[in-house]
Amino acid sequence: MDAGPEPESPRAPARGPIFYGWYIVGTVFVIHTVSCGLIFYNLSIFLKAFVAEAGFSVSATSNATALFFISSGFAGLAVGWLLDRYDPRWIVTFGALLSAAVLATAGHVGELWQLYGFYALFGIGNAAVAVIPGMTIVARWFTRQRSKAIAYASTGLSLGGIVFTPISATLVERYGLGEAAYWLAIVLVLGVVPIALIMLRRSPEAIGLAPDGDPPQRKADGSIMPPDGVAFEAALRSRFFILCTTAFVFSMMAQVGSLAHQFRLVATRTGDDHVAALAVSIMAASSIAGRLIGGSLLSRIASKHYLYAIYVLQGVSFLAFAFAEGVVALFIVSAMFGATVGNMQMMQPLIMAEAFGLKAYARILSVAQMITTCANAAGPALLGFLYATTGGYQMSYLAITVSSVLGFASLYAAGPVRALIDAEEKDLRP
């Protein structure tokens with residue numbers, strides 16, 4: 001029989017001039033900045049380095065990158081289960097230590113099986129340190145200001161690209177992947193583990209509060225009311241979950257494929273790695289701006305309508321990437337694409353919380369992330385295959401433009417966002 005969540009340290013301050021949830025937002029922001037910058041955004045740099053230094057083909061490295069997303073997706077199921085039961089500090093710490101240990105071995109990868117093992121373990125570490133734990137924790141701390149809190153916390157996912165992509169590219173170019181990887185692994189540990197252990201807390205209820213800093217609602221016996229929402233099994237059977245997740249499958253597969261190949265695309269068309277690194281940084285900066293604007297607009301615009309606009313902009317960006325030539329054009333398209341990246345990464349955790357509440361949020365999000373993350377694996381592989389067979393990136397980006405269109409259609413067919421919650425509330429009325 002499940003003994004329930006493991007008790008957590010009571011040392012976190014319960015009250016103060018600033019709601020502790022905003023410290024949680026700041027903590028997740030830092031963790032996302034460091035972990036995403038050194039794991040996710042480094043994928044495109046590793047792709048180029050493994051091809052150039054280790055002699056792997058673009059197709060083989062793209063397929064190995066796909067394995068990163070598959071392993072991350074399946075590991076996320078375990079992470080969601082663990083987050084419902086244990087202190088998130090230990091889960092995030094494990095993810096950071098595993099990712100750093102794997103990263104430190106990058107220079108020793110010389111065989112194909114080692115390449116696949118590297119990306120599989122790297123994906124497991126990523127699942128435990130990045131989106132699922134970060135967004136689950138932030139969602140638990142806020143209700144009225146959830147869109148703003150998730151926007152601020154998830155901005156770190158984009159800032160990591162701005163801060164660490166140029167650093168990683170410079171270190172790999174100057175010292176080689178092997179030596180650079182050691183230093184990047186040390187930064188990953190120092191940037192994540194201390195702040196996670198000191199600052200993270202499971203939920204506001206753990207320190208005697210409710211979301212947004214409100215006084216907790218209590219049962220007749222004085223115990224704190226549990227979070228409301230839709231049961232796990234009901235959520236997974238719902239039309240909204242199935243079709244909304246399908247929409248993110250198409251959009252995120254296309255996005256991740258583009259992210260994995262953007263550095264190489266720009267470097268190929270301009271002949272300059274530094275220009276390519278700057279293009280990735282521009283994309284990441286635009287992602288931050290788009291995410292912050294989105295967090296503000298979502299308090300006044302229906303989430304589904306806002307997401308429609310993001311799908312349209314994503315499709316236009318991919319179409320432009322197919323034909324863009326020259327530094328200025330590639331920078332402009334990178335900025336357009338970046339505006340969709342931040343919003344798309346933010347919207348899945350946000351819309352799942354809005355649709356299903358917090359009752360089983362970690363497990364619902366982990367399943368949605370598993371499905372989309374495994375599908376993400378097809379993105380880099382598809383672009384790599386089309387690049388190899390057509391001799392360029394034009395057909396690759398035309399293909400993922402179609403993927404964005406299919407995502408829009410699936411979202412349209414998903415129906416109302418809060419259908420299940422509204423139905424449950426109606427049944428509970430006297």
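Keep in mind that this is a model prediction, so the values were computed, not measured. Values reported hereafter were calculated over all heavy atoms of this structure, with side chains retained and with hydrogens, waters and symmetry mates removed. Residue numbers run from 1 in the order of the sequence given.
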>> Test ring-ring contact (aromatic ring centres under 6.0 Å, His included) on Phe337 and Phe318; report intermediate values, then the result.
In response: CA-CA 7 Å; Phe337 172 52; Phe318 293 149; 5.6 Å; yes
> Going by the angle between their ring planes, with limits at 30° and 60°, are Tyr20 and Tyr23 parallel, tilted or perpendicular?
Replying inline: tilted
> Do Phe142 and Trp22 have ring centroids that are under 6.0 Å from one another?
Replying inline: yes
>> Just verifying a value: how many Å separate Gln314 CD and Asn343 CG, rounded to the nearest 0.5 Å?
In response: 11.0 Å
>> Can you confirm whether the side chains of Ser334 and Gln262 place a donor and an acceptor under 3.5 Å from each other?
In response: yes
>> Counting neighbours of CZ on Phe232 that are heavy atoms of other residues, nucleotides or ligands and sit closer than 6.0 Å, is the number greater than 12?
In response: yes
>> Surrounding OH of Tyr116 (heavy atoms of other residues, nucleotides or ligands, distance under 6.0 Å), is the total greater than 12?
In response: yes
>> Can you classify the ring geometry of Phe118 versus Phe50 as parallel (below 30°), tilted (30 to 60°) or perpendicular (above 60°)?
In response: perpendicular
> Parallel, tilted or perpendicular: which describes the rings of Phe40 and Phe69, with under 30° parallel and over 60° perpendicular?
Replying inline: perpendicular
>> Classify the ring geometry of Tyr412 against Tyr308: parallel below 30°, tilted from 30° to 60°, perpendicular beyond 60°.
In response: tilted
>> Just so I know, are the side chains of Leu43 and Leu47 near enough to count as touching, which here means a heavy-atom distance under 4.5 Å?
In response: no
>> Take a 6.0 Å sphere around OH of Tyr306 and say whether it holds more than 12 heavy atoms from other residues, nucleotides or ligands.
In response: yes
>> Has Asn126 got a side-chain atom pairing as donor or acceptor with Phe122's backbone, closer than 3.5 angstrom?
In response: no
> Is it true that the side chains of His261 and Tyr393 contain a donor and an acceptor less than 3.5 Å apart?
Replying inline: yes
> Would you say Ser71's side chain and Phe68's backbone share a donor-acceptor pair under 3.5 angstrom?
Replying inline: yes
> Between Ser366 and Gly80, is there a donor-acceptor pair closer than 3.5 Å when you use the side chain of the first and the backbone of the second?
Replying inline: no
> Between Asp84 and Arg140, does at least one N-O distance fall below 4.0 Å, as a salt bridge requires?
Replying inline: yes
